[in-house]
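Proteins get letters first, then strands, A, B, ... in listed order; numbering begins at 1 in each. Everything numeric here is computed off the predicted structure, so don't read it as measured data.
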Amino acid sequence: MEAGFFDKVFDVVRQIPHGRISTYGTIAKHIGSPKAARMVGWALNKSSTEKEFVPAHRVVNRKGLLTGKRHFANQNTMREMLESEGVIIIEDQIQNFEELLWYPSLN
DNA sequence: TTAGTGACTGTAG
DNA sequence: GCTACAGCCACTA
């Protein structure tokens, strides 16, 4: 079995530390396809079917905007989960976004 | 099988 | 700074 694009995405996303965030492009680039950022979002959408929890709420677009919140059960879920981790969000926009941004490290 | 769609990003004007 | 377009891969109908 080879890890597909989705599996790689899940693996990277699960490495995001508590209270930190990352972006679709950063993850896609880490996997090897910077232009396939869309697929990262697609994978996260499917992540709800994964047995192991995937912190999809820690992944936002490059502006620090919660563009994926509408894919959660409730549109407040994503913000609430992030806030519970200490992330400050105002109108779907992550504050101190650049400081919280986490870059995947090569294992 | 083909066509359409999607939680995005980088480049160009 | 903004808008417009192309590229990327997988899934569904």
Nearest-neighbour nucleotide for the [X] side chain, [options] considered:
X: A/Ala37; options: B/dC8, C/dC9, C/dC11; result: B/dC8
X: A/Ala36; options: C/dC9, B/dA7, C/dA10; result: C/dC9
X: A/Phe5; options: B/dC8, C/dC11, C/dC9; result: C/dC9
X: A/Ser47; options: B/dA7, C/dC11, B/dT9; result: B/dA7
X: A/Ser33; options: C/dC11, C/dC9, B/dC8; result: C/dC9

*With a 4.0 Å cut-off on heavy atoms, is A/Ala43 in touch with a base, just the backbone sugar-phosphate, or nothing at all?*
nothing
Integer-rounded Å distance: [N] [atom2] and [X] [atom1]:
X: A/Asp7; N: C/dC9; atom1: CG; atom2: C1'; value: 14 Å
X: A/Ile31; N: B/dC8; atom1: CD1; atom2: P; value: 15 Å
X: A/Lys63; N: B/dA7; atom1: NZ; atom2: C1'; value: 13 Å
X: A/Arg62; N: C/dG1; atom1: CZ; atom2: P; value: 9 Å
X: A/Lys35; N: C/dC8; atom1: NZ; atom2: P; value: 7 Å
X: A/Asn45; N: C/dA10; atom1: CG; atom2: C1'; value: 12 Å
X: A/Arg38; N: C/dC11; atom1: CZ; atom2: P; value: 16 Å
X: A/Leu44; N: C/dC11; atom1: CG; atom2: P; value: 14 Å

*Describe, in one word, how the ring planes of A/Phe6 and A/Phe10 are oriented to each other, choosing from parallel (under 30°), tilted (30 to 60°) and perpendicular (over 60°).*
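A/Phe6 and A/Phe10: perpendicular rings.
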*asked:* Would you compute the distance between atom CD of A/Gln95 and atom CD of A/Gln93 and round it to the nearest 0.5 angstrom?
replied: 6.0 Å
Report yes if a side-chain nitrogen or oxygen of [X] is closer than 4.0 Å to either non-bridging phosphate oxygen (OP1 or OP2) of [N]; otherwise report no.
X: A/Lys46; N: C/dC11; answer: yes
X: A/Arg70; N: B/dA7; answer: yes
X: A/Thr67; N: B/dC8; answer: yes

*Is a side-chain N or O of A/Arg14 found less than 3.5 angstrom from the main chain of A/Pro55, in a donor-acceptor match?*
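Between the backbone of A/Pro55 and the side chain of A/Arg14 there is no qualifying donor-acceptor contact (under 3.5 Å).
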*Work out which heavy atom in A/Asn61 is nearest to a heavy atom in A/Thr23; give both atom names and the distance.*
O-CG2, 3.8 Å
*A/Gly19 and A/Leu100: which non-hydrogen atoms are nearest, and at how many Å?*
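Nearest heavy atoms, A/Gly19 then A/Leu100: O-CD2, 3.8 Å.
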